[in-house]
Amino acid sequence: MGKRRAAAELRRDAEFAAFTAGAAGRLLHAATLLTGDREAADRLLTATLARVYADWLRMRADDPYDQARGELVRRFAYRPWWRRPQGGELDRLTAQERLVVTLRFFEGVAEEQTAAQLGLPAERVRAIGARATATLRSRRDDPGGLYGGGPAAPRSVAEARQAAAEEVTR
């Protein structure tokens, strides 16, 4: 192996180690939201980081975090149908809804970028996000879940007012 190649590989290793030290936590969080399982998230993240490491020298001008997040999304979106996500806070959502919610609301990716990354029109991404948000907000009968096992969330303003009035009279 030549000196230049050895120096390039050492530089790549150092840059990649610095990248993973800073970004692996966020990527693992996104993978956990998508898969709903910590072990599946670890496997997804490992495969993603292996691919990013292999492409590291070719993506000089690109943002490595965007590339890694894109690879994570692709690996999740195009996995076999029998490996559907189960569990986690986003349990009631479909795989496509999980992708949109994770990218739009947890990662802060713009609607147009999310649409381009998923190969969907922006209007479809907006509709999927609205449906997923409604599904997550309607999760009221889950003990110990989103609302901490307390009373069910009110369905309307009138129910909230009535509940507040009952609380005052007690």
Side-chain angles (χ1 to χ4, degrees), residues 12-13 15-149 152-153 155:
R12 174 182 66 175
D13 292 346
E15 290 173 356
F16 187 74
F19 166 72
T20 55
R26 281 181 61 193
L27 288 170
L28 180 61
H29 179 68
T32 304
L33 287 172
L34 290 173
T35 61
D37 178 31
R38 181 64 187 249
E39 290 179 18
D42 284 337
R43 288 191 303 271
L44 179 64
L45 181 61
T46 301
T48 298
L49 290 177
R51 177 59 185 235
V52 170
Y53 178 77
D55 292 342
W56 190 260
L57 292 177
R58 286 184 288 244
M59 59 178 176
R60 279 285 163 205
D62 299 331
D63 181 19
Y65 185 78
D66 286 341
Q67 293 289 330
R69 184 178 56 220
E71 181 65 26
L72 184 80
V73 166
R74 279 188 297 277
R75 287 189 176 274
F76 177 78
Y78 298 116
R79 75 201 181 293
W81 64 268
W82 62 84
R83 291 190 180 184
R84 293 194 176 150
Q86 297 175 358
E89 288 296 321
L90 305 179
D91 189 30
R92 293 178 59 194
L93 301 181
T94 65
Q96 195 173 43
E97 289 172 340
R98 282 179 182 237
L99 280 168
V100 170
V101 166
T102 301
L103 287 174
R104 292 279 297 125
F105 303 122
F106 288 100
E107 288 288 316
V109 178
E111 192 171 274
E112 294 78 20
Q113 290 175 330
T114 301
Q117 201 164 29
L118 298 177
L120 299 170
E123 296 81 25
R124 181 74 180 133
V125 168
R126 189 176 307 118
I128 292 169
R131 184 178 63 225
T133 304
T135 301
L136 289 173
R137 285 184 178 159
S138 70
R139 188 177 193 172
R140 293 186 323 274
D141 57 350
D142 180 23
L146 191 60
Y147 295 103
R155 292 184 186 189

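For the pair V52 and F16, the minimum side-chain heavy-atom distance is below 4.5 Å. E71 is listed as a side-chain neighbour of R75, based on a closest heavy-atom distance under 4.5 Å. Between L90 and L34 the shortest side-chain heavy-atom distance does not fall below 4.5 Å. A 4.5 Å side-chain heavy-atom check between V101 and L33 finds every atom pair outside the cut-off. Side-chain contact check for Q96 versus I128: some heavy-atom pair is nearer than 4.5 Å. When side chains are defined from C-beta on, R92 counts as touching S138, because their heavy atoms get closer than 4.5 Å. Residues D13 and Y53 meet the side-chain proximity criterion, which asks for heavy atoms closer than 4.5 Å.
Of all heavy-atom pairs between T20 and A17, the closest is OG1-O, 3.0 Å. Scanning all heavy atoms of the two residues, the minimum distance from T32 to R38 falls at OG1-CD, 4.4 Å. For Y65 against A23, the heavy-atom pair with the smallest separation is CD1-CB, 3.7 Å. In this structure, L44 and A31 approach most closely via the heavy-atom pair CD2-CB, 4.1 Å. Between F76 and A95, the shortest heavy-atom distance links the atoms CE2-O, 3.7 Å. Residues R98 and G36 come closest through the heavy atom pair NH1-N, 3.5 Å.
For the side-chain hydrogen bond (donor to acceptor under 3.5 Å, both in side chains) condition, the pairs that include at least one residue of residues 116-132, sequence neighbours left out, are E97-R131, E111-R126. Contacts classified as salt bridge (Lys or Arg N to Asp or Glu O under 4.0 Å) and involving residues 48-57 (residues at least two apart or in different chains) are given here: R51-D55, D55-R58.
R69 CZ to Q113 CD: the interatomic distance, rounded to the nearest 0.5 Å, is 7.5 Å. Distance check: L27 CG to L49 CG gives 6.5 Å after rounding to the nearest 0.5 Å. Rounded to the nearest 0.5 Å, atoms CZ (R26) and CG (L72) are 12.0 Å apart. Atoms CG and CG, from L45 and L28 in turn, are 5.5 Å apart once rounded to the nearest 0.5 Å. We find the CH2-CD distance between W56 and Q67 to be 10.0 Å, quoted to the nearest 0.5 Å.
The main-chain N or O of L99 is never found under 3.5 Å from a side-chain atom of T102 such that the two would form a donor-acceptor pair.
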